[in-house]
Amino acid sequence: MDMQAKTGCGDDVGLKGELARILRGDPALLAQWCGQAGIGQWGTSTERFTEELARCAARRFRGEKPNVEELNAYVGALRLEDLGLACACADGVAEAWEHFVGIYRGYLRACAAVMLRRSATAPEAEELADSLFAELYGLSAEKRGSLLRYFHGRSSLKTWLRAVLAQRHVDRIRAGRKFEELQDQDGGGGGKRRVVPTAALQVAADPHRAKYVQRFTNALRTALANLDARDVERLRMYYAEQKKLAEIGRALGEHESSVSRHLEKVRRDLRRAVEEILRGGAEAVNGDGRSGGMSEAEIALCFEYGAEDAPIDLDKLFLRGVARKVEFDEKKIREPRGGT
């Protein structure tokens with residue numbers, strides 16, 4: 001067991017080193033990513049951020065050997081600005097921490113208030129939110145370093161922080177209710193004990209979870225319906241059919257790098273569209289009236305719960321609401337360039 005652990009650790013180090021080497025192979029693109037991350041304002045060097053990018057990519061490609069196109073597509077889709085801030089905070093940069101606290105303390109308190117069904121200024125909400133900062137700063141009893149080292153940039157920092165806060169809330173409930181006394185129905189003196197299921201704790205943590213998942217699914221469906229048919233086809237092949245970039249390129253008559261750039265752009269556009277729909281409210285899908293706009297904390301909840309619960313059948317989702325558009329342009333989508 002120890003030998004396997006040591007071998008796995010060595011493999012991770014080797015993979016990170018190889019990925020960092022590949023990233024350094026395109027200085028112009030690396031400089032562009034560093035600029036997007038804003039590392040200069042925190043005094044983070046290009047080499048340090050390259051190591052951070054390699055660490056995140058190694059997490060994604062563990063046990064695989066990505067080519068340059070796949071690696072660049074992955075890194076290009078990361079939340080680089082959030083990752084740059086998290087990296088600086090994990091390294092203990094004071095200016096980064098001041099910026100982080102100024103942005104996220106109020107947000108986390110608002111999230112805690114939603115979980116606890118209290119106002120954002122309630123002592124319970126403030127205590128739950130503020131208790132997370134010790135772990136983020138690396139002052140927890142376990143002394144494992146900053147919790148921000150577990151942030152990999154695939155989601156926004158807001159969404160990730162909200163997920164961590166929700167887990168801490170569930171942990172508290174679990175600690176307080178690990179065992180419940182269940183009295184016999186006849187009121188007898190005997191009692192039974194049972195472990196409270198995790199699912200029950202999650203429901204207790206946020207009774208509105210199902211509503212947020214449904215709002216997210218409806219918004220995603222609406223945003224997909226407004227996409228160009230070719231973009232829908234790229235998403236469908238990549239996510240629903242799990243095709244590689246090269247396979248998508250052959251099907252659409254595009255170069256692999258073009259597929260990667262298009263996917264990165266449509267992902268950004270799709271997320272912005274979903275956020276706008278949730279923020280502004282939208283006509284209900286079943287025609288039962290208009291749903292109200294959501295706060296930033298609630299939008300983060302929608303994305304988090306939508307990703308965790310994964311109730312979405314991608315095949316059905318890509319067909320519902322966009323099937324007519326895809327069918328209309330099917331010949332254009334499928335036909336390779338040059339007519340061959």
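Residue numbers start at 1 and run along the sequence shown. Here the structure is a predicted model, which means the values were calculated and not measured.
- Without hydrogens or angle criteria, D91 side chain to V93 main chain gives no donor-acceptor distance under 3.5 Å.
- In this structure, the side chains of I39 and R48 stay at 4.5 Å or more apart for every pair of heavy atoms.
- Using modelled atom types, one side-chain atom of H255 and one backbone atom of S257 make a donor-acceptor pair closer than 3.5 Å.
- Residues satisfying the side chain to side chain contact (heavy atoms under 4.5 Å, CB included) criterion with A57, sequence neighbours excluded, are L19, F61, L71, Y74.
- The shortest side-chain heavy-atom distance between D228 and V266 does not fall under the 4.5 Å cut-off.
- A salt bridge links E18 to R21: one of the charged nitrogens lies within less than 4.0 Å of a carboxylate oxygen.
- Without hydrogens or angle criteria, R279 side chain to I299 main chain gives no donor-acceptor distance under 3.5 Å.
- With respect to the salt-bridge test (charged N to carboxylate O, under 4.0 angstrom), the residues E47 and R24 qualify.
- Aromatic ring pairs are classed by plane angle as parallel below 30°, tilted from 30° to 60° and perpendicular above 60°; the pair F100 and Y104 is tilted.
- Y212 has its side chain out of reach of L278: every pair of non-hydrogen atoms, C-beta onward, lies at least 4.5 Å apart.
- The pair R271-E275 counts as a salt bridge, with a side-chain nitrogen and a carboxylate oxygen less than 4.0 angstrom apart.
- Between L235 and L224, the closest side-chain pair of non-hydrogen atoms falls below 4.5 Å.
- Of the charged side-chain nitrogens involved, none lies within less than 4.0 Å of a carboxylate oxygen, so that R261 and E264 do not count as a salt-bridged pair.
- The closest donor-acceptor contact from the side chain of R55 to the backbone of R149 lies under 3.5 Å.
- Residues satisfying the ring-ring contact (aromatic ring centres under 6.0 Å, His included) criterion with Y238, sequence neighbours excluded, are absent altogether.
- Applying the 6.0 Å contact sphere to CD of Q36 captures more than 12 heavy atoms from other residues, nucleotides or ligands.
- Using modelled atom types, one side-chain atom of E70 and one backbone atom of N67 make a donor-acceptor pair closer than 3.5 Å.
- Put simply, the side chain of L147 reaches to within 4.5 Å of the side chain of W160, judged on heavy atoms.
- Under the 4.0 Å criterion applied to side-chain N and carboxylate O atoms, D82 and K158 are not assigned as salt-bridge partners.
- Considering only heavy atoms from C-beta on, E81 stays 4.5 Å or farther from L85 through its side chain.
- Applying the side chain to side chain contact (heavy atoms under 4.5 Å, CB included) criterion to E98, with sequence neighbours excluded, gives no partner residue.
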